[in-house]
2 protein chains.
Amino acid sequence: MDGTVEATAQIDPSPAPEGPIRPGRKRDHTRDPEIMTAAIDVLAEVGYERMTVDMVAARAKAGKATLYRRWPSKADLVLDAVGCMGAAKAGPLPDTGSLRGDLVALLSPRTVHDADHKLKVMLGLASVTAHSPELAESIREAFLEPRAAVTRALLERAKERGEISPSCDVGLLSRVSSSMVISRAMFEHRPVDRAFLLSVIDGVIIPAAGVGPAAGR
Amino acid sequence: MDGTVEATAQIDPSPAPEGPIRPGRKRDHTRDPEIMTAAIDVLAEVGYERMTVDMVAARAKAGKATLYRRWPSKADLVLDAVGCMGAAKAGPLPDTGSLRGDLVALLSPRTVHDADHKLKVMLGLASVTAHSPELAESIREAFLEPRAAVTRALLERAKERGEISPSCDVGLLSRVSSSMVISRAMFEHRPVDRAFLLSVIDGVIIPAAGVGPAAGR
DNA sequence: GATTTCCGGAACTGAACGGTTCCGTATATG
DNA sequence: CATATACGGAACCGTTCAGTTCCGGAAATC
């Protein structure tokens, strides 16, 4: 994964031994992002197994052959699409002065909404993770890790300023929220809304971090 | 789900208007449990999508036709199999005197091992949960809920005896462990072993429950 | 022993889908 | 304008698999 927004060029077997310049149309890579988003959307809607390459082509108004000209298989297409999604910006950390304030600040409607979209994509990919550690890792990198990294940073800062227990396991705590979100969506089929996220913050993360009751509220 | 070990009789369209008693063989339900376990095993090994009815029949040394005689579709077969799995015994709660002791007592090698098997089944079913809330609910009931119920009971007892904070959210905390297990297995592909489970207990649940540091250890 | 019903097993049917090929058209080079 | 290539679209191929049907044999009832 190169972290850019364009689709990664899969492979270029020709080691560029340039013969005479050939006439003809060039490959139109300007539409690659549309194809990637089409793939992601279909994925979110029907999941990997029910997603067909035809669906993606149709949604992107491209020919199926065009897709196969660029990605050797459905799996590669999806892998690339997921990789491209990782290329989100990392806005500056919130800094409200308290850990709880910072965590709550992450819950803007905007953030919650597109986390929801990403969540659907993840659920759609759930079945594949077992057979493809490679894809599982891509998913983790694109969806889980960025969020966890932010949380981890907030926790570390809080620890440095002595707000939370110096012994608490920051790495583990930073993964609590996403884990609970996933299993709620997957097996409880209940909405992952602001109220739920708040209850995780106030019912698990904050107390587990060793903030005395009522501190920072 | 009836909670018994035998497969649930799917439907019995005949309202028992008994004509003269007919000769002939009766349906042999003694092998149903074998079929159910075969289904569960295949599910754990290859997941719902790659599981074929032939595989199940072969493993149970039954004919595919026999399976279809009993369950109208692959989905029903799986649903029933999952339902049958819920019928585990609930041993007596551990009672070591401290919440941590009780939670650790749940981590016997036996328990951890078959939790691992159940986990594989859940991962195999992950893809279907999105399309079938019914199955998602069955899974929750068969795999998640029993474990959560035990944890919840332990937490409530600890709360009653004043060991943990009276304000802590027992319902939420009882789901922390399974959530973290699922996402670890699914996206991190790291082993769900005793060490990890201990770190969840000591790094999240115990401190989140408001046990003062070093209490009960 | 005749009859009825189930069994396991194998062959069959039909649909879905990954992947390929072909076609008519558009576009860029020379 | 000629050539070469990529495009969208559709037809096509081969496989896999859910679900059905048919068979010979074994039980259970009569």
Side-chain angles (χ1 to χ4, degrees), chain A residues 7 9-10 12 14 18-35 38-39 42-43 45-81 124 127-128 131-132, chain B residues 7 9-10 12-14 18-35 38-39 42-43 45-81 124 127-128 131-132 135:
Chain A
Q10 282 305 108
D12 185 7
S14 65
E18 281 320 321
I21 306 142
R22 317 289 264 170
R25 193 173 170 178
K26 302 279 179 299
R27 201 168 263 188
D28 176 15
H29 273 203
T30 67
R31 307 219 25 244
D32 281 13
E34 297 174 52
I35 299 175
V42 174
L43 217 37
E45 279 166 33
V46 306
Y48 182 86
E49 323 283 345
R50 302 191 182 187
M51 154 183 181
T52 72
V53 179
D54 284 306
M55 287 184 204
V56 178
R59 171 150 336 191
K61 285 194 223 317
K64 182 157 70 147
T66 303
L67 268 62
Y68 276 101
R69 239 172 259 132
R70 292 174 195 190
W71 295 275
S73 73
K74 173 181 169 181
D76 291 88
L77 170 65
V78 169
L79 191 62
D80 204 6
S127 57
V128 206
H131 308 106
S132 164
Chain B
Q10 283 305 109
D12 185 7
S14 64
E18 282 320 321
I21 307 143
R22 316 291 260 165
R25 196 172 168 181
K26 301 279 180 296
R27 197 165 267 188
D28 175 16
H29 274 202
T30 68
R31 307 220 24 246
D32 282 12
E34 299 176 50
I35 299 176
V42 174
L43 216 38
E45 279 167 34
V46 306
Y48 182 86
E49 322 284 344
R50 301 188 183 190
M51 155 183 180
T52 71
V53 179
D54 283 304
M55 288 185 204
V56 178
R59 172 152 333 195
K61 287 194 221 319
K64 183 156 72 149
T66 304
L67 268 62
Y68 277 101
R69 242 171 258 132
R70 293 176 195 186
W71 296 275
S73 73
K74 173 181 170 181
D76 291 271
L77 170 65
V78 169
L79 191 63
D80 203 6
S127 56
V128 206
H131 310 106
S132 163
L135 180 57

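On a predicted model such as this, the values are computed, not experimentally measured, just so you know.
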Going by salt bridge (charged side-chain N to carboxylate O under 4.0 Å, His left out), name the residues that satisfy it together with A/R59, two or more places apart in sequence or in a different chain. A/E45
Residue set satisfying salt bridge (charged side-chain N to carboxylate O under 4.0 Å, His left out) with B/D54, at least two apart, ordered chain then number -> B/K64
Just how far, in rounded Å, is C1' of D/dA6 from CG of A/D32? 13 Å
Rounded to whole Å, how long is the line connecting atom CZ of B/R27 with atom P of D/dA28? 16 Å
Partner set under salt bridge (charged side-chain N to carboxylate O under 4.0 Å, His left out) for A/R31, not counting sequence neighbours: A/E34
Sort me out a list of protein N/O and nucleotides 3-5 of chain C N/O pairs below 3.5 Å, or just none if empty.
none

Any protein N or O atoms within reach of nucleotides 17-19 of chain C? Criterion: under 3.5 Å, listing atom names and distances.
from   : atom 1 : to    : atom 2 : distance (Å)
C/dG18 : OP1    : A/M51 : O      : 3.2
C/dG18 : OP1    : A/K74 : NZ     : 3.1
C/dG18 : OP2    : A/V53 : N      : 3.3
C/dG19 : OP2    : A/Y68 : OH     : 3.2
C/dG19 : OP2    : A/K74 : N      : 3.0
C/dG19 : N7     : A/K64 : NZ     : 2.7
C/dG19 : O6     : A/K64 : NZ     : 2.7

Reckon B/R31 has a side-chain N or O less than 4.0 Å from the OP1 or OP2 of C/dG8? yes
Name all residues meeting the side chain to side chain contact (heavy atoms under 4.5 Å, CB included) criterion together with B/M55; count only those two or more places apart in sequence or in a different chain, and write none if there are none. B/V42, B/V46, B/T52
Looking only at the side chains, is there a donor atom on one of A/S127 and A/E49 sitting less than 3.5 Å from an acceptor on the other? yes
OP1 or OP2 of C/dC7 under 4.0 Å from side-chain N/O of B/R69: yes
If I take atom NE2 in residue A/H29 and atom P in nucleotide D/dA6, what distance separates them, rounded to the nearest angstrom? 10 Å
Using side chain to side chain contact (heavy atoms under 4.5 Å, CB included) as the criterion, list what pairs up with B/A75, not counting sequence neighbours. B/Y48, B/S73
From CZ of A/R59 across to C1' of D/dG8 the rounded distance in Å is 18 Å
Would you say B/Y68 and B/V53 make side-chain contact, with heavy atoms under 4.5 Å? yes
Nearest 0.5 Å, what's the OG1-CZ distance between A/T66 and A/R27? 9.0 Å
Mind calculating the distance between CD1 (A/I35) and C1' (D/dA6) to the nearest angstrom? 12 Å
Counting the atoms with a prime plus P, OP1 and OP2 as sugar-phosphate, which does B/A65 contact under 4.0 Å by heavy atoms, base, sugar-phosphate, or nothing? base
Applying side chain to side chain contact (heavy atoms under 4.5 Å, CB included), run through B/L67 and B/K74 and close with a yes or a no. CA-CA 9 Å; B/L67 268 62; B/K74 173 181 170 181; over 6 Å; no
